[in-house]
Structures are given as C-alpha cells and as structure tokens.
> 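Quick one: structure below, then a few questions.
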Amino acid sequence: MQKVYLLYHIRDKGAEDEDTKEIGTYSSYELAEAAKNRVKDKPGFIDHPNGFYIDEYIIDKDYWADGFHD
C-alpha cells in the first residue's frame with residue numbers, strides 16, 4: 001500500500017472568507033514537514049502559522065465514492 005502526504009494551508013479570515021493553498025504532495029511525512037518549514041515564513045503563511053495541515057492518502061483509493069449527501 002503506497003501512501004502520499006498532502007501539505008496544505010488554510011488561511012481563515014472569518015465565516016465567509018477562507019483561502020486554501022495546496023502546497024505539495026510528498027512521499028513521506030518528513031518531506032511534507034520539511035516543505036512546511038521552507039514556506040512557513042513566506043507572506044500569507046507567516047501570519048497564520050497554525051493553518052498548516054498534512055493529510056495522509058493511500059494511492060489508488062476512492063475517498064468520495066458515495067458523492068454528496070443532502
């Protein structure tokens with residue numbers, strides 16, 4: 001089972017204003033952390049240091065197979 005790690009940042013400016021940036025996809029958690037350390041002092045990121053997230057995904061797996069539910 002192969003895994004990848006998605007690094008992204010969410011800049012939340014209130015209920016109606018949220019900005020999500022996908023920074024990159026990496027072959028290990030450690031590489032994702034290293035990427036975070038490279039960008040954390042850049043404009044936009046530096047003002048929201050708690051907005052970084054790393055999610056683990058299994059390659060060739062469906063994640064939204066059932067679609068949206070009302």
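If you read the sequence from its start, that first residue is 1, and numbering goes on from there. These values consider heavy atoms only, across backbone and side chains, with no hydrogens, waters or symmetry-generated copies.
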> More than 12 heavy atoms of other residues, nucleotides or ligands under 6.0 Å from OH of Y63: is that the case?
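Buried by this count: over 12 neighbours within 6.0 Å.
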
> Let me confirm one number: the CD1-NZ distance from I58 to K3, rounded to the nearest 0.5 Å.
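Rounded to the nearest 0.5 Å, the CD1-NZ separation comes to 6.0 Å.
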
> Heavy atoms, side chains only, cut-off 4.5 Å: are V39 and F52 in contact?
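Yes. Closest side-chain heavy atoms under 4.5 Å.
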
> Minimum heavy-atom separation for L7 to A32, with atom names?
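Smallest heavy-atom distance, with atoms named: CD2-O, 3.5 Å.
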
> Compute whether any side-chain donor of one residue and acceptor of the other, for Y8 and E22, lie under 3.5 angstrom apart.
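Not at all, the side chains of Y8 and E22 share no donor-acceptor pair under 3.5 Å.
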
> Linking I/L/V/M/F/W/Y whenever any side-chain heavy atoms sit under 4.5 Å apart, do I23 and Y29 land together?
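I23 clusters together with Y29.
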
> Does CG belonging to D47 count more than 12 external heavy atoms closer than 6.0 Å?
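Yes, because the 6.0 Å sphere around CG of D47 holds more than 12 heavy atoms from other groups.
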
> So do the side chains of Y57 and Y5 get within less than 4.5 Å of each other, counting heavy atoms only?
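Y57 does not reach Y5 side chain to side chain.
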
> For L31, give me all partners under side-chain contact (heavy atoms from CB on, under 4.5 Å), at least two apart in sequence or on another chain.
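Scan of L31 (side-chain contact (heavy atoms from CB on, under 4.5 Å), adjacent residues dropped) gives Y26, S27, S28.
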
> Who else is in I46's hydrophobic cluster (ILVMFWY, side-chain heavy atoms under 4.5 Å, direct or via others)?
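Grouped by the 4.5 Å side-chain rule, I46 forms a cluster of one, so the answer is none.
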
> With Q2, which residues qualify under side-chain contact (heavy atoms from CB on, under 4.5 Å), at least two apart?
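With neighbours one apart ignored, the set is I59.
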
> Does any N or O in the side chain of H9 come within less than 3.5 Å of the main-chain N or O of H48, such that one atom is a donor and the other an acceptor?
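Yes; judged by distance alone, with no hydrogens or angles, the pair exists.
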
